Amino acid sequence: MGFCNLGYCRKFINHVSSTNFHSRWRHPCSFLYSTTSNASPPPLGALHGHYFKNGSLQNTNLANYLLSLHVKSSNMNHAHKLFDEILHKDTQTWTILISGFARAGSSEIVFSLFREMQAKGACPNQYTLSSVFKCCSGESNLQLGKGVHGWILRNGVDGDVVLENSILDLYLKCKAFEYAECFFELMVEKDVVSWNIMIGAYLREGDVEKSLDMFRNFPYKDVVSWNTIIDGLMQCGYERLALEQLYSMVKHGTEFSAVTFSIALILASSLSLVEVGRQIHPRVLKFGLNNDGFIRSSLVEMYGKCGKIDKASTILKDVPLNFLRKGNFGVTRMEPKAGIVSWSSMVSGYVWNGKYEDGIKTFMSMIRELVVVDIRTVVTIISTCANAGALEFGKQIHAYIKKIGHRVDAYVGSSLIDMYSKSGSLDDARMIFGQINEPNVVLWTSMISGCALHGQGREAISLFEGMLNKGIIPNEVTFVGVLNACSHVGLIEEGRSYFRMMKDTYHINPEVEHYTSMVNLYGRAGHLIEAKNFIFENGIAHLTSVWTSFLSSCRLHKNIEMGKSVSKMLLQSAPSDPGAYVLLSNMCSSNHRWDEAATVRSLMHQRGVRKQPGQSWIQLKDQIHTFVVGDRSHPQDKKIYSYLDSLIGRLKEIGYSYDAKLVMQDVEEEQREVLISHHSEKLALVFGIINTLHRTPIRIMKNIRICTDCHNFIKYASQLLERQIIVRDTHRFHHFKQGSCSCGDYW
DNA sequence: ATAGGGTTAG
């Protein structure tokens with residue numbers, strides 16, 4: 001508490017008072033505008049070159065003005081270049097650049113500039129300092145923040161309410177609550193921002209009562225106060241309460257801001273109040289806010305949730321590709337933060353529509369255009385790569401992180417571990433994990449889940465034990481990983497005891513995922529009775545997912561009677577879920593009960609239930625190639641099919657036989673054999689074989705589970721071709737090598 | 001120049 005007393009010394013440092021940021025902001029070149037009021041201003045690049053040539057950059061004021069123009073148009077790479085050319089840098093020069101990078105969220109650059117500035121003997125002013133604090137808050141860099149705060153107190157820099165707010169925010173973001181509360185009490189001048197910071201901080205901590213209390217007792221609420229409380233309540237899971245506040249905001253007469261619209265749209269879609277969302281959309285258009293990245297992404301999410309995918313993708317499609325082009329005057333300019341989000345939502349939107357390729361390509365072109373992409377966005381994209389299983393793109397982004405010199409901390413590391421393990425490279429995931437020594441629960445959980453995904457049950461368990469030894473408290477996600485690990489390897493006893501540990505030692509209430517994992521554990525090991533008892537003992541018989549898992553175990557262990565009774569029940573209670581139909585039909589056909597299988601299929605057809613079309617994809621260099629069953633759309637299709645036919649023949653010679661039973665398709669019976677030999681994973685595999693060098697491992701991703709025939713086929717292929725073949729299905733990875741699979745045919 | 005919208009693991 002050494003520097004709790006905020007009696008700033010009134011000693012003015014000369015340059016602080018003499019540097020009036022705002023008055024110099026417009027002044028030096030204003031004549032440019034007055035003479036050409038209607039014409040667009042000359043391109044900034046030309047101005048820059050002009051001044052460079054005639055030596056104007058020696059005039060610091062003029063150079064600063066030019067610098068500020070670059071920063072205002074978010075052209076940070078130009079700004080940085082100009083900055084290097086300015087001969088005599090004053091405090092303002094540094095401040096303009098630093099605040100620009102702070103606004104863009106490039107904290108690392110801000111920190112290094114700040115250090116450089118101090119080393120060069122330029123004295124930071126309150127504007128520089130609030131930018132630095134903003135970055136410290138963003139990165140939760142308490143150490144640096146404290147140091148700078150100490151420096152302020154030692155040097156008696158005159159602070160204003162803005163600076164104090166940024167300090168307050170720093171301590172709250174770093175969870176130094178006692179200190180922050182004391183700081184708040186002692187603030188000489190508090191404004192609405194100070195209150196909003198406090199209210200927001202309590203909500204982040206989940207202290208709804210305290211924040212609501214503060215909010216209600218605060219008479220000078222502005223639109224941000226309302227946004228904060230509404231969004232915070234929503235984040236804390238109090239969606240109804242949030243909606244109430246939204247209504248009182250309207251009653252109160254506070255005008256909506258862009259943020260309010262964005263929050264309201266998310267609220268509407270999370271409460272499934274599609275009508276509310278639809279009412280908001282035209283108002284968004286009326287306010288001209290449809291170019292706001294946040295709002296756009298909320299609209300996409302809302303329409304996506306209510307099944308209007310077309311509408312959502314239209315909203316995405318409206319974004320011109322040069323929307324975010326930064327820099328010159330003639331082009332639409334956006335606030336950098338919103339720009340990054342809009343861009344990021346565009347990438348996510350593509351992914352959400354299954355257009356991984358477009359999404360990641362957009363990212364790559366963005367990197368080329370923007371020098372600065374903040375790390376949060378990068379993390380979002382890494383998780384996109386993880387879900388797409390796009391190893392090559394993921395690697396490029398990993399390289400990009402190295403290039404910009406960002407430290408791989410627990411946050412970034414977790415997403416990289418997830419990306420590598422979901423893309424099939426557990427070794428790379430292990431390598432990242434080995435490089436980070438942080439007792440972070442998410443970090444450890446990603447590694448545990450990665451092992452589980454690859455069937456490395458023992459490794460997952462030893463990681464989990466290691467984590468406990470380090471004193472890291474596991475959470476509910478950790479247990480999902482651990483239980484999955486047990487169920488993939490059939491470690492019944494361990495699974496049971498970890499489930500108990502979760503409830504008794506860590507007081508975590510099991511969620512659907514944990515229950516499903518337990519039912520999976522018992523069921524896959526063939527303990528069907530125990531699985532059934534578990535379901536009833538835990539009162540989870542109303543959950544569709546546990547029965548679906550149970551049903552798939554019935555199929556695995558060929559217990560057709562139990563399977564049938566469960567399916568019947570499922571077809572009644574969840575008639576629109578395709579899972580039960582598919583499983584039941586497959587179970588019937590694999591037991592040669594063709595008629596019953598056909599009945600199930602026609603019932604499904606009658607009820608208009610459609611199964612998710614199976615897709616497989618494989619990445620080759622910069623492209624993802626996607627295949628569906630019987631796909632003829634690929635440019636190499638002739639080559640693929642003829643190779644596939646000859647491969648089937650060669651595999652049959654070494655023992656592969658076509659497995660007739662199984663896998664439902666919405667087609668006539670006689671087409672069955674043809675179809676099965678043209679399953680999407682076979683096409684993707686052949687495409688991979690043709691286009692890569694001998695012995696290169698092949699990685700294939702699938703959006704549904706791999707069928708028995710394909711599993712068998714790939715086993716033989718891995719033997720014949722001496723290739724490692726890695727397949728990711730919805731549940732786990734299969735590593736095929738020399739004729740066998742890492743799952744031990746247990747999936 | 002400070003606060004609010006998207007942010008890693010199931």
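Everything quoted here is computed from the prediction, not taken from an experiment. A note on names: the letters A, B, ... follow the listed sequences, proteins ahead of strands, and every chain is numbered from 1.
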Student: Should we count CZ of A/Phe111 as having more than 12 external heavy atoms under 6.0 Å?
Tutor: yes
Student: Checking A/Val250 now: which residues fulfil side-chain contact (heavy atoms from CB on, under 4.5 Å) with it, not counting sequence neighbours?
Tutor: A/Phe256
Student: Could you give the CD1-to-C1' distance, from A/Ile508 to B/dA9, as a whole number of Å?
Tutor: 14 Å
Student: If you check every side-chain atom of A/Arg204, which of B/dG10, B/dG4, B/dG5 has the closest atom?
Tutor: B/dG4
Student: If I take atom CD1 in residue A/Ile382 and atom C1' in nucleotide B/dT7, what distance separates them, rounded to the nearest angstrom?
Tutor: 11 Å
Student: Hey, is A/Glu459 close enough to A/Arg430 for a salt bridge, meaning N to O under 4.0 Å?
Tutor: yes
Student: Residues two or more places apart in sequence or in another chain: which of them pass side chain to side chain donor-acceptor pair (under 3.5 Å) with A/Asp409?
Tutor: none
Student: Under the 3.5 Å rule, do the base of B/dG10 and the side chain of A/Glu476 count as making a donor-acceptor pair?
Tutor: no
Student: Taking NZ, NE, NH1 and NH2 as the nitrogens, is one of them in A/Lys190 or A/Glu164 under 4.0 Å from a carboxylate oxygen of the other?
Tutor: no
Student: Determine the contact category for A/Asn484: base if any of its heavy atoms lies under 4.0 Å from a base atom, sugar-phosphate if only primed atoms, P, OP1 or OP2 are that close, otherwise nothing.
Tutor: sugar-phosphate
Student: Write down the distance between CE (A/Met502) and C1' (B/dG10), rounded to a whole number of angstrom.
Tutor: 12 Å
Student: Using the rule given for side-chain contact (heavy atoms from CB on, under 4.5 Å), can you reason through A/Ile230 versus A/Met234, listing the C-alpha separation, both sets of side-chain angles and the distance that settles it, and then say yes or no?
Tutor: CA-CA 6 Å; A/Ile230 295 168; A/Met234 191 164 68; 5.8 Å; no
Student: According to a strict under-4.0 Å criterion, is A/Lys173 in side-chain N/O contact with OP1 or OP2 of B/dG4?
Tutor: yes
Student: Contact class for A/Ala386 vs. all strands (heavy atom < 4.0 Å): base, sugar-phosphate, or nothing?
Tutor: nothing
Student: Output the single nucleotide from B/dA3, B/dA9, B/dA1 whose closest atom is nearest the side chain of A/Asp222.
Tutor: B/dA3
Student: Tell me the interatomic distance from A/Ile167, atom CD1, to B/dA3, atom P, rounded to whole angstroms.
Tutor: 13 Å
Student: What about A/Ser257, does its side chain sit under 3.5 Å from the base of B/dG4 through a donor-acceptor pair?
Tutor: yes
Student: Please classify the nucleic acid contact of A/Ala258 as base, sugar-phosphate, or nothing, using heavy-atom distances under 4.0 Å.
Tutor: base
Student: Counting side-chain heavy atoms from C-beta on, which of B/dG5, B/dA3, B/dA1 comes nearest to A/Ser130?
Tutor: B/dA1
Student: Can you measure A/Ile229 atom CD1 to B/dA3 atom P for me and round it to whole angstrom units?
Tutor: 18 Å
Student: Mind calculating the distance between CG (A/Leu163) and P (B/dT2) to the nearest angstrom?
Tutor: 11 Å
Student: What integer distance in Å separates A/Phe114:CZ from B/dA1:P?
Tutor: 17 Å
Student: For A/Leu416 and B/dT7, give me the distance from atom CG to atom P, rounded to whole Å.
Tutor: 18 Å
Student: Using the side-chain heavy atoms of A/Tyr411, tell me which of these nucleotides is nearest: B/dG10, B/dA3, B/dT7.
Tutor: B/dT7
Student: B/dG4 phosphate, OP1 or OP2: any side-chain N/O from A/Gln245 under 4.0 angstrom?
Tutor: no
Student: When you get a sec, tell me which of B/dG4, B/dT8, B/dA1 is the closest nucleotide to the side chain of A/Val223?
Tutor: B/dG4
Student: Quick one: which of B/dG4, B/dT8, B/dG10 gets closest to the side chain of A/Val442?
Tutor: B/dT8
Student: Given B/dA9, B/dA1, B/dG10, which nucleotide is nearest the side-chain atoms of A/Asp160?
Tutor: B/dA1
Student: Nearest to the A/Ile266 side chain among B/dG6, B/dA9, B/dG4, which nucleotide is it?
Tutor: B/dG6
Student: Is the count of non-hydrogen atoms from other residues, nucleotides or ligands lying under 6.0 Å from A/Gln435 atom CD greater than 12?
Tutor: yes
Student: Which nucleotide, B/dG10, B/dA9, B/dA1, lies nearest any side-chain atom of A/Val480?
Tutor: B/dG10
Student: Check whether the side chain of A/Asn227 and the base of B/dA3 form a donor-acceptor pair under 3.5 Å.
Tutor: no
Student: Could you work out which one of B/dT2, B/dA1, B/dG4 sits closest to the side chain of A/Val224?
Tutor: B/dG4
Student: Base, sugar-phosphate or nothing for A/Ser446? Non-hydrogen atoms, less than 4.0 Å.
Tutor: sugar-phosphate
Student: Is there a side-chain contact between A/Lys422 and the phosphate of B/dG10, meaning an N or O under 4.0 Å from OP1 or OP2?
Tutor: yes
